[in-house]
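Below: one structure, written as structure tokens.
Order of the sequence lines fixes the chain letters, A, B, ..., with proteins taken first and strands second; residue numbering starts at 1 for each chain. Any value given below was found using the heavy atoms of this structure, including those in side chains, with hydrogens, waters and symmetry copies removed.
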There are 2 protein chains.
Amino acid sequence: MARKTANRRVGITDVAQRAGVSLASVSRVMNGNFSVDPDIAARVRAAAAELNYHPNAVGRSLALGKTDTIGIVVPDLANPTFQGMLRGVSRAAAQDGYRVLIADSSEVSSEESILAGEARRRCDGVVLCAPRMNEAELEALLPSLQPLVLINRSTADTQTPSLVVDYGQGIQDLAAHLVELGHTRLVFLAGPERSAGNQARLQGLEKFRVDHPEVELTTLPAGSSFEAGHVSAVAVLATGATGVLAFNDLVAMGLLSGLHERGVDVPGDISVTGFDDIPFANYTTPPLTTAAVAINDIGEQAWHELRQLLGDGDPEPAHTTFQPELKRRGSTGRVKKPTLS
Amino acid sequence: MARKTANRRVGITDVAQRAGVSLASVSRVMNGNFSVDPDIAARVRAAAAELNYHPNAVGRSLALGKTDTIGIVVPDLANPTFQGMLRGVSRAAAQDGYRVLIADSSEVSSEESILAGEARRRCDGVVLCAPRMNEAELEALLPSLQPLVLINRSTADTQTPSLVVDYGQGIQDLAAHLVELGHTRLVFLAGPERSAGNQARLQGLEKFRVDHPEVELTTLPAGSSFEAGHVSAVAVLATGATGVLAFNDLVAMGLLSGLHERGVDVPGDISVTGFDDIPFANYTTPPLTTAAVAINDIGEQAWHELRQLLGDGDPEPAHTTFQPELKRRGSTGRVKKPTLS
DNA sequence: CTGAAAGCGCTAACAT
DNA sequence: ATGTTAGCGCTTTCAG
């Protein structure tokens, strides 16, 4: 038997002994179970207090078959979007007495499956956010992860709740906003190729092209980070576009910074939009026009869905689409003079 | 006995049965234990694979007396500093096969003790970051949290490793930097009053005053958020100071934004410094001069200390001070004209 | 209403 | 080298 140090932790047995009752009674009292003699209850509580007894969580988990813990697997803890989600999940779950175990796959999507499985095995359920995992792998993984809720991925499996952001609509709104301002030459700074969110944006833009044949829209590969946006500045300028749709706020901020370094005025010379509305977006100079995603709400919702699956809480719809909300801020403005293409 | 659904999970017994061996053998094989007949080992592995068997973590934990999980309690998951720490801890711990359980106290420092205790009970150890918790409460808590490592708090207890950032020195470096640039009227935008980090900065500035009697340094209460910095813009301008030491990067960014709105040029009219060097600091306009704190390293170190306490890994020094590194960037510049005080 | 005892899934003595 | 068995700390039937 493993016994790390000399000092034994106080267990239910100690309390029972001290209170002169059986283990069962202590257990009943600790769990606020019905039908315990007030006298005994008091003795037990006293003993527990004196010994500073706290039930061992692992023992409880084994007996109860539940850990009161859920796992959340995210691709990158450095990304504000996933941080926001994590925070939303964590706070909501905490409200219901659940804790959250993190599994950060560090962008190594090959590890995601294993990680998710491990997380699931330690927990009662899982929130899975794996934008780069391929479709087949995802489908194969789902059964073993149940109960789980999926973020920004859809699945044929109707058992699995999934919360998705309508990136396609959001990017169209952003593009339309630029068109309204008179821009006719746009460039999209694309995110990671295999990311589901990027593909959704691309589809949205395809639709936009159909609706706005007069607009010239080009795509530039970039990425999802500051750096990606920063180094894109030259390429963006080379296109001659007056409006830029950055993959997300990070990319937009990087671009803003790169543009600023080159003395390009935003929005005077070029308008820039982001995506997500991370907290920082409000405080860039100029403040960033973006499509706000209620990422904390998504996290919270994710927990609610999972809670339902776990048998607590009340039933709710299992599939939800979150609509981004256009935030008009200082980084976009009227085009200076119509560009002659 | 709790049995949620009808479908039994496959346990070690099933594998043993299928392989026609005892539980013990299966356990030995699964744990790569010495002395198992290759033949049996193969049979066990085959059976495990066929049944898609994965050891139950809770059962293991109970038997082993360890969970391979550590808790991390942070005051606010929305704060980039704590996010960075979390990330550092999480990645480092993952390297050693440990998982991280989050306890976000949501700034409610009264909850921190309970939260920390709960986290500890589910885990093998805890990383505690509770800048606002009062001294007495902290000391009282320590014994029950062992093994733990403390972040940005010191304690008399030499058993407890603690990692602290030298905020006092950092803020002095920042102030000295401004002085070098010719600034003689400075203002410090103070953080949360009870925060240990704020007090350290205040002490550093006291020392700075002694070293630089020629400099006029005032303090303005602010806070630790964007908003705090943003609303401070007017008060800052009212002081007539030409150099501002913001409590942290968030406050500095808020201030930058507030200043920009009022047409105040940074660093032309006023120089602004932050603290922490969060990833965004490099991408503000202008880029933020700040004192860089290697927050990811701190998280990583925290894990290493904890690992040592847990009995793995090699011995390391138990108390470490991290020196912030001055980052000179665009938000600070030469004073326009010497101010006549 | 209470206590004895079985069992959650696994590991580690202890025999064999 | 393998099987038997006794826990790990707790909950919950099942008798009384």
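In this structure A:Thr155 satisfies the side chain to side chain contact (heavy atoms under 4.5 Å, CB included) test together with A:Glu139, A:Leu142, A:Leu150, A:Asp157, A:Thr160, sequence neighbours excluded. Applying the side chain to side chain contact (heavy atoms under 4.5 Å, CB included) rule to A:Ser144 yields the partners A:Leu141; only residues at least two apart in sequence or on another chain are considered. Partners of A:Asp124 under the salt bridge (charged side-chain N to carboxylate O under 4.0 Å, His left out) rule, at least two apart in sequence or in another chain, do not exist in this structure. Legend: residues meeting salt bridge (charged side-chain N to carboxylate O under 4.0 Å, His left out) with B:Arg87, ordered by chain and number and at least two apart, are absent. Scored by the salt bridge (charged side-chain N to carboxylate O under 4.0 Å, His left out) test, B:Glu50 finds B:Arg18 as partners (sequence neighbours excluded). Qualifying salt bridge (charged side-chain N to carboxylate O under 4.0 Å, His left out) partners for A:Glu135, counting only residues two or more places apart in sequence or in other chains: A:Arg153. Residues that satisfy the side chain to side chain contact (heavy atoms under 4.5 Å, CB included) test with B:Val29, not counting sequence neighbours, are B:Val36, B:Ala41, B:Val44, B:Arg45.
The CZ-C1' distance, from A:Arg121 to C:dC8, rounds to 18 Å in whole Å. Per the geometry, CG belonging to B:Leu62 stands 13 Å off C1' belonging to D:dA6, to the nearest Å. Between A:Ile12 atom CD1 and D:dT12 atom P there is a gap of 11 Å when expressed in whole angstrom units.
The side-chain hydrogen bond (donor to acceptor under 3.5 Å, both in side chains) contacts involving residues 114-123 of chain A comprise A:Glu118-B:Arg99, where partners must be two or more places apart or lie in separate chains.
Two end axes, each from the C1' atoms of five base pairs, can be drawn for the helix from C:dC1-D:dG16 to C:dT16-D:dA1; they diverge by 50°, to 10 degrees.
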Set out, line by line, the N/O atom pairs under 3.5 Å between protein and nucleotides 1-5 of chain D.
unit_1, atom_1, unit_2, atom_2, d
D:dT2, OP2, B:Asp37, N, 2.4
D:dG3, OP2, B:Ser22, N, 3.0
D:dG3, OP2, B:Ser22, OG, 3.2
D:dG3, OP2, B:Ser25, OG, 2.9
D:dG3, N7, B:Arg28, NH2, 2.7

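Distance OG/B:Ser61 to NZ/B:Lys66: 9.0 Å, rounded to 0.5 Å.
Scanning residues 50-61 of chain B for heavy-atom distances under 4.0 Å to DNA chain D yields an empty list.
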Review item, side-chain donor-acceptor pairs of residues 51-60 of chain A, under 3.5 Å, at least two apart:
unit_1, atom_1, unit_2, atom_2, d
A:Asn56, OD1, A:Val58, N, 2.7
A:Asn56, OD1, A:Gly59, N, 2.7
A:Arg60, NH2, A:Asn31, OD1, 2.6

